[in-house]
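Quick notes on the structure that follows.
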Amino acid sequence: MALLEKGDLNYTYSWTVYGKDDPKVTGKPDSTLLNRNEGYEVLYLINSFAEKHEYKLKTTGLVIEKLIHDQLPSDIRSQEKVMKWLEDHM
């Protein structure tokens, strides 16, 4: 079960739905560039990171959202690099 849902997020995002056959949808964080303004992408990354590190509290997920929104350097763009940066800063 996902740690966070759409209604839990604190920042404003666009919510574009990708089709199941869209090449951006691989099922795991990869070299795809993260759109920090796209809610589904941010939510996916937060939940993937939380699952990987076995975080169970919504407050932890919201800390991850805040880090991505407020502190993630603009030159860190791929999902993989964002995950690594989060590991270094959590």
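Sequence positions, counted from 1, serve as the residue numbers for this chain. Since we're looking at a predicted model, the values are computed, not measured. We use all heavy atoms of the structure for the numbers below, so side chains are in, but hydrogens, waters and symmetry mates are not.
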Backbone N/O of A2 and side chain of N47: donor-acceptor pair under 3.5 Å: no
D88 side chain vs W85 backbone, donor-acceptor pair below 3.5 Å: no
Residue pair Y11 / D70, side-chain donor-acceptor N/O under 3.5 Å: yes
N-O pairing of E87 and K52 below 4.0 Å: yes
Test item: N10 side-chain N/O and L62 main-chain N/O as donor-acceptor pair under 3.5 Å: no
Interatomic spacing from CD in E80 to NZ in K84 - rounded to 0.5 Å: 12.5 Å
Shortest non-hydrogen contact from E41 toward L33: OE1-O, 3.7 Å
Spacing of CG belonging to L3 relative to OH belonging to Y55, to within rounding of 0.5 Å: 10.5 Å
Donor-acceptor pair, side chain of E65 and main chain of L9, under 3.5 angstrom: no
Heavy-atom pair of closest approach, residues S78 and S31: CB-O, 3.5 Å
T16 and E38: side chain donor to acceptor below 3.5 Å: yes
Transitive ILVMFWY side-chain link V42 to L57, under 4.5 Å: no
Taking every non-hydrogen atom, the tightest pair across I68 and L72: O-CB, 3.4 Å
Straight-line distance of K56 NZ to E51 CD, nearest 0.5 Å: 8.0 Å
Interatomic distance, L86 atom CG to S48 atom OG [nearest 0.5 angstrom]: 11.0 Å
More than 12 heavy atoms from other groups under 6.0 Å of CZ on R36: yes
Approximate separation, where rounding is to 0.5 Å, of M90 CE and H53 NE2: 8.5 Å
Straight-line distance of N35 CG to R77 CZ, nearest 0.5 Å: 9.0 Å
K6 NZ: over 12 foreign heavy atoms closer than 6.0 Å: yes
Side-chain donor/acceptor of S14 to backbone N/O of N37, under 3.5 Å: yes
